[in-house]
A.B. asks: 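Please find one structure pasted underneath; my questions will follow.
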Amino acid sequence: ADNAVQKLDGARIQANAATTRDWPSYGLDYAETRFSKLKQIDSGNVKRLGLAWTYNLESTRGVEATPLVVDGVMYVTASWSVVHAVDVRTGRRLWTFDPQVDRAKGYKGCCDVVNRGVALWKGKVYVGAFDGRLIALDAATGRKVWEKDTIADPKFSYTITGAPRVFKGKVIIGNGGAEYGARGYITAYDAETGEQKWRWFTVPGDPSNPFENEAMAAAAKTWDPSSRYWEAGGGGTAWDTLTFDPELNLMYVGVGNGSPWSARKRSPAGGDNLYLASIVALDPDTGTYKWHYQETPGDNWDYTSTQPMILADIRIDGKPRKVILHAPKNGFFFVIDRTNGQFISAQNFVPVNWASGYDKNGRPIETEMARVKDKPFDAIPGPFGAHNWHPMSYNPQTGLVYLPAQNVPFNLMDDKDWRFNGNQPGEPMAGLGWNTAMRANVEAPKSQPFGRLLAWDPVQQKEVWRKEHVSPWNGGTLTTAGNLVFQGTADGRFIAYDARNGQELWQTNVGTGIVAAPATYEVDGKQYVSIAVGWGGVYGLAQRATNNRPGPGTVYTFVLDGKAPAPAQVAQQAQALVKGVPYDPKDVPAGTLLYVNNCVFCHGVPGVDRGGNIPNLGYMDAAYIQNLQNFVFKGPATSRGMPDFTGKITSEDVDKIKAFIQGTADAVRPAAK
Ligand SMILES: O=C(O)c1cc(C(=O)O)c2c(n1)C(=O)C(=O)c1cc(C(=O)O)[nH]c1-2
Ligand SMILES: [Ca+2]
């Protein structure tokens, strides 16, 4: 069939970077700048932006995908890794592909059943399915060409949420799972046949077996084997960022957090625990280690370095440098030499309390509270990160990076009693396989939540302007040669700013929270801007901004003077605290522990959190809570991602959980009225 993806290869992707007419890969180009050279839409006329069309993704969970567009065809994913191909000229569906992920396995991923998008190469569309399969589709028809199970060891809870990348004819994908116990790795497959070409683990395995390579032997020296760290996998899942520099023939991997989170439990004698929370450069042909820079040695706070990186060429102290720009969860903005991994600079972009800065050698100067023993402490940033997966963008015209920054208050404490898969009372989500070795919010965190858009100067390492949003968890950014920055917000607005000074130039309300990043492209001489809307991701499970209800995932596409009608917005429902469920107050303490073990990160705290895509049980009808066992055991919500708790907890446990829900609602009622 006639389809322009047929001709898409490395040369085309690089040639497109000169015009940016298409958006052929996740971050637009290999450098993932998300800077478009298109300027038909600019700071002067952006107020004329209107709807060209909307497209219903028919999903009710988080939408995190950046739409890819080649020659007028859009390829975008919704929750549950469902792929849609859309005709950009009309907004009409060309095909969809649902990999049929078992909905009852939603709990195998920490952070919502999301997918950040596809990769395109020589006539194929590649999607990583939530259950760990990498699938190649025919770009013209959506029919499956091949499928590979990427899971190295089924005893761990591996998932895929990230967008694959194709470098030099190889499709590369990592996995999630480090909140459960997992050993991170990325795998390269032949794009044409699906044959596995190489796999690179990010952390060492059992040292009584031969190490896979020299990099693993070197890394093992930075781990304390007395913990038998390999049993819980060690962590380091590479679940999001991958970039490629064709000139240097290097690819870069952002490596995730430790598993378990607690450094004391993972590696009792200390150590940096390579290559956790690092950027690692590999040879894309062979997967051979080239260099690394570790941003958070001995990670103890879920400080992943998987946040999207950008490759840029900038002048520092008058000299041109090839750098990586990176703002990981830990709250520092890094500039790293991408030829050799040398540290150039780091500066905190939000308030942080775990380190006071970085020394000349690129090591953090940790504060006293960073590794407090036997006491709860506010981790600032917390595990939600000062910046999460929401892509940032870099505009070479302004020299600024547009960064979605945030604080989500969180309190941590070492779990002295933790054992791998021990599932002891009060261990967060341990009933569903989590292994953090940290207690969560034993004490109420004291920091204040915020979400903001930062314009950051990576040369001066300073903020140039900022926009405060109403809550954390706002969308990724796009910047253009028209001096624009686009960003969606948690409260459901899509906004254009002047890239130079942050002046707000245009906004529209889409009725549901935005977490994904926009894309822009040109078709038939017209510049379009598209954003896939759909509240969700880890914060969106149990939380939302004030004024919106989750609506169906939808792609909004804008053009100058567009006049298409907006879809109806989902009406907000009033929430009333649950009332009158009979319970024995003596059951509340045990119910609290069970709730923390099995429910809390998805449903939130009853009557305290608002509820996100997953309902807050403090605001349900009494009949629902009264009959909770009907939902917990083989209930109807298993088709929407709720686990079946049969065999995991008992009906007496459910009674205790009911006591906690009604007891908590009763306790907050006087304040909430
Ligand atoms: O350690 C991991 O393996 C892992 C995986 C994922 C994921 O795959 O989505 C997330 C995280 N960690 C994580 O720490 C995190 O904050 C997070 C947010 C999200 C999201 O999509 O909203 N995913 C993930
Ligand atoms: Ca993580």
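When a ligand or atom number is given, it counts from 1 through the structure's own listing order. For the numbers below, each heavy atom of this structure counts, side chains included, while hydrogens, waters and symmetry mates do not. Everything numeric here is computed off the predicted structure, so don't read it as measured data.
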A.B. asks: Test His84 against Glu58 for side chain to side chain donor-acceptor pair (under 3.5 Å), laying out the working first.
C.D. replies: CA-CA 10 Å; His84 297 251; Glu58 298 169 0; 6.0 Å; no

A.B. asks: Can you tell me the protein heavy atom closest to atom 18 (C) of ligand 1 and the distance?
C.D. replies: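 For atom 18 (C) of ligand 1, the nearest protein heavy atom comes out as Val538 CG1, 3.4 Å.
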
A.B. asks: Can the ring centres of Tyr303 and Trp354 be said to be less than 6.0 Å apart?
C.D. replies: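 Yes; Trp354 has its ring centre under 6.0 Å from that of Tyr303.
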
A.B. asks: Going by the atom numbers of ligand 1, which of them fall below 4.0 Å from some non-hydrogen atom of Val114?
C.D. replies: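 Counting atoms of ligand 1 from 1, those under 4.0 Å from Val114 are 21 (O).
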
A.B. asks: Measuring from non-hydrogen atoms of Cys110 to any atom of ligand 1, is the shortest distance under 4.0 Å?
C.D. replies: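 The answer is yes, since Cys110 has a heavy atom less than 4.0 Å from ligand 1.
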
A.B. asks: Under a 4.0 Å threshold between the charged nitrogen and the carboxylate oxygen, would Asp149 count as salt-bridged to Arg133?
C.D. replies: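 Result for this pair is no, no salt bridge flagged.
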
A.B. asks: Which heavy atom of the protein is the closest neighbour of atom 1 (O) of ligand 1, given with residue, atom name and distance?
C.D. replies: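 Heavy-atom neighbour on the protein nearest atom 1 (O) of ligand 1: Asn257 OD1, 3.0 Å.
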
A.B. asks: Please work out, at 4.0 Å between heavy atoms, whether the side chain, the backbone, both, or neither of Phe384 comes within that distance of ligand 1.
C.D. replies: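 Within the 4.0 Å criterion, Phe384 makes no contact with ligand 1.
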
A.B. asks: Can you tell me which residue and heavy atom of the protein come closest to atom 8 (O) of ligand 1, and the distance to 0.1 Å?
C.D. replies: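 The closest one turns out to be Thr161 OG1, 2.8 Å.
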
A.B. asks: Enumerate the atoms of ligand 1 whose separation from the nearest heavy atom of Lys329 is less than 4.0 angstrom.
C.D. replies: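 Checking each atom against Lys329, I get 13 (C), 14 (O), 15 (C), 16 (O).
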
A.B. asks: Among protein heavy atoms, which lies nearest atom 2 (C) of ligand 1, and at what distance?
C.D. replies: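 Protein heavy atom at minimum distance: Thr237 OG1, 3.2 Å.
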
A.B. asks: Considering only heavy atoms of Gly177, which atoms of ligand 1 have at least one such atom less than 4.0 Å away?
C.D. replies: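 Every atom of ligand 1 under 4.0 Å from some heavy atom of Gly177: 2 (C), 3 (O).
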
A.B. asks: Tell me the protein heavy atom at minimum distance from atom 23 (N) of ligand 1, and give that distance in Å.
C.D. replies: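 Ranked first by proximity to atom 23 (N) of ligand 1 is Cys111 CB, 3.2 Å.
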
A.B. asks: Which protein heavy atom lies closest to atom 12 (N) of ligand 1, and at what distance to 0.1 Å?
C.D. replies: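 It is Glu179 OE1, 3.0 Å.
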
A.B. asks: Check whether Phe130 forms a cation-pi arrangement with Arg103 (NZ or CZ under 6.0 Å from the six-membered ring centre, at most 45° off the ring normal).
C.D. replies: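 No.
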
A.B. asks: Tell me which protein heavy atom sits closest to atom 6 (C) of ligand 1, plus the residue, atom name and distance to 0.1 Å.
C.D. replies: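 Result: Trp239 CD2, 3.3 Å.
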
A.B. asks: Taking the six-membered ring for Trp, is the centroid-to-centroid distance between Tyr158 and Trp239 below 6.0 Å?
C.D. replies: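 Between Trp239 and Tyr158, which both carry aromatic rings, the centre distance is not below 6.0 Å.
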
A.B. asks: Mark yes or no for whether Asn115, through its side chain, and Thr77, through its backbone, hold a donor-acceptor pair below 3.5 Å.
C.D. replies: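 It does not hold such a pair.
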
A.B. asks: Is the cationic atom of Arg266 (NZ for Lys, CZ for Arg) positioned less than 6.0 Å from the six-membered ring centroid of Trp261 and within 45 degrees of its normal?
C.D. replies: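 Relative to the ring axis of Trp261, which defines the angle, Arg266 lies outside at least one limit.
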
A.B. asks: I need the nearest protein heavy-atom contact for atom 21 (O) of ligand 1: residue, atom name and distance, please.
C.D. replies: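 For atom 21 (O) of ligand 1, the nearest protein heavy atom comes out as Glu64 OE2, 2.8 Å.
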
A.B. asks: Can you tell me if Trp473 contacts ligand 1 (heavy atom of the residue under 4.0 Å from the ligand)?
C.D. replies: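 Yes, Trp473 has a heavy atom closer than 4.0 Å to ligand 1.
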
A.B. asks: Between Asp240 and Arg116, is the salt bridge (Lys or Arg N to Asp or Glu O under 4.0 Å) condition met? List the steps.
C.D. replies: CA-CA 8 Å; Asp240 194 282; Arg116 298 189 193 94; 3.2 Å; yes

A.B. asks: Within Thr304, is some N, O or S atom less than 3.0 Å away from the Ca ion (ligand 2)?
C.D. replies: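 Not a single backbone or side-chain N, O or S atom of Thr304 is under 3.0 Å from the Ca ion (ligand 2).
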
A.B. asks: Cation-pi check, Arg183 to Phe201: give yes when NZ or CZ is under 6.0 Å from the six-membered ring centre and within 45° of the ring axis, no otherwise.
C.D. replies: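 So Arg183 does make the cation-pi contact.
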
